[in-house]
Amino acid sequence: QVQLVESGGGLVQAGGSLRLSCAASGRTFSRYVMGWVRQAPGQEREFVAAINWSGSSTDYGDSVKGRLTISRDNAKIAVYLQMNSLKPEDTAVYYCAAAPFALVITTPSMYRYWGQGTQVTVSS
């Protein structure tokens, strides 16, 4: 069982930066692939980024490549999403998610555990 709590969302102007954090609980955290998924109003959930258990493998959605960076700290039981060069279309609720797999997962429905989400709003 893994519990996830996101923080770091807020309002930022276009071109600005935010850093999202996800605090996890559970002794087997280091065995889980971690991801970030976002959902804008009226839209389906969209894969943003994922990282494998060791941090050696990552993957990103096409719309965020080169601007967002995922990382994890297994000692602190946390995963992060550094968001740079933000655009108004990045506005969404961002969810931290976990799955007991070795490889990165880019399909939101394959994640087993979810946080409550944190709102990111980018103004133009």
Side-chain angles (χ1 to χ4, degrees):
Q1 187 80 7
V2 175
Q3 295 182 327
L4 306 169
V5 179
E6 304 95 334
S7 62
L11 174 64
V12 64
Q13 289 188 333
S17 297
L18 281 176
R19 188 190 193 213
L20 304 184
S21 298
C22 175
S25 64
R27 291 179 295 176
T28 59
F29 171 78
S30 63
R31 301 178 186 176
Y32 284 72
V33 61
M34 301 298 297
W36 288 94
V37 175
R38 68 187 182 186
Q39 187 168 25
Q43 303 290 323
E44 293 187 354
R45 288 188 173 183
E46 177 189 9
F47 168 74
V48 175
I51 188 168
N52 73 336
W53 70 272
S54 67
S56 62
S57 179
T58 59
D59 202 353
Y60 296 91
D62 289 340
S63 62
V64 305
K65 284 180 179 177
R67 301 187 298 116
L68 275 57
T69 303
I70 189 171
S71 61
R72 69 188 293 165
D73 186 334
N74 288 339
K76 295 183 178 180
I77 317 180
V79 63
Y80 309 98
L81 186 67
Q82 178 65 43
M83 309 170 67
N84 298 328
S85 302
L86 284 164
K87 305 175 180 180
E89 51 263 44
D90 293 319
T91 295
V93 177
Y94 284 71
Y95 297 91
C96 177
F101 297 118
L103 301 177
V104 294
I105 296 174
T106 62
T107 304
S109 61
M110 293 185 66
Y111 284 93
R112 181 177 298 181
Y113 302 105
W114 294 83
Q116 82 288 349
T118 185
Q119 177 70 47
V120 171
T121 303
V122 184
S123 63
S124 57

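We number each residue from 1, following the sequence as shown. The shown structure was predicted, so the numbers you read here are calculated from the model rather than taken from an experiment.
Alongside F47, the hydrophobic cluster contains V33, V37, V93, Y95, F101, V104, I105, M110, Y111, W114 (criterion: ILVMFWY side chains under 4.5 Å).
Every pair passing salt bridge (Lys or Arg N to Asp or Glu O under 4.0 Å) that includes a residue from residues 84-98 is listed here, sequence neighbours excluded: R38-D90, R67-D90. Within the structure, the side chain to side chain donor-acceptor pair (under 3.5 Å) test picks out the following pairs touching residues 7-20 (sequence neighbours left out): S17-N84.
At a threshold of 4.5 Å between side-chain heavy atoms, the hydrophobic network of Ile, Leu, Val, Met, Phe, Trp and Tyr places W53 and Y113 in two separate groups. At a threshold of 4.5 Å between side-chain heavy atoms, the hydrophobic network of Ile, Leu, Val, Met, Phe, Trp and Tyr places Y80 and V64 in two separate groups. Taking hydrophobic clusters as Ile, Leu, Val, Met, Phe, Trp and Tyr residues chained together by side-chain heavy-atom distances below 4.5 Å, V48 shares a cluster with L18. Under the 4.5 Å side-chain heavy-atom criterion for grouping Ile, Leu, Val, Met, Phe, Trp and Tyr, I70 is connected to L68 within one hydrophobic cluster. Put simply, L81 and V2 are part of the same group of oily side chains (I, L, V, M, F, W, Y) that touch within less than 4.5 Å, one to the next.
Residue N74 holds its CG atom at 9.5 Å from CE of M34, rounded to the nearest 0.5 Å. Atom OG of S56 sits about 8.0 Å away from atom CD1 of I51, to the nearest 0.5 Å.
Crowding of L11 atom CG: a count of heavy atoms from other residues, nucleotides or ligands under 6.0 Å exceeding 12.
For the pair Q119 and A92, the tightest heavy-atom approach, listed with the atom from each and the gap, is NE2-O, 3.4 Å. In this structure, A98 and Y32 approach most closely via the heavy-atom pair CB-CD2, 4.0 Å.
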Residues L20, E6; criterion side-chain contact (heavy atoms from CB on, under 4.5 Å); working and verdict: CA-CA 7 Å; L20 304 184; E6 304 95 334; over 6 Å; no

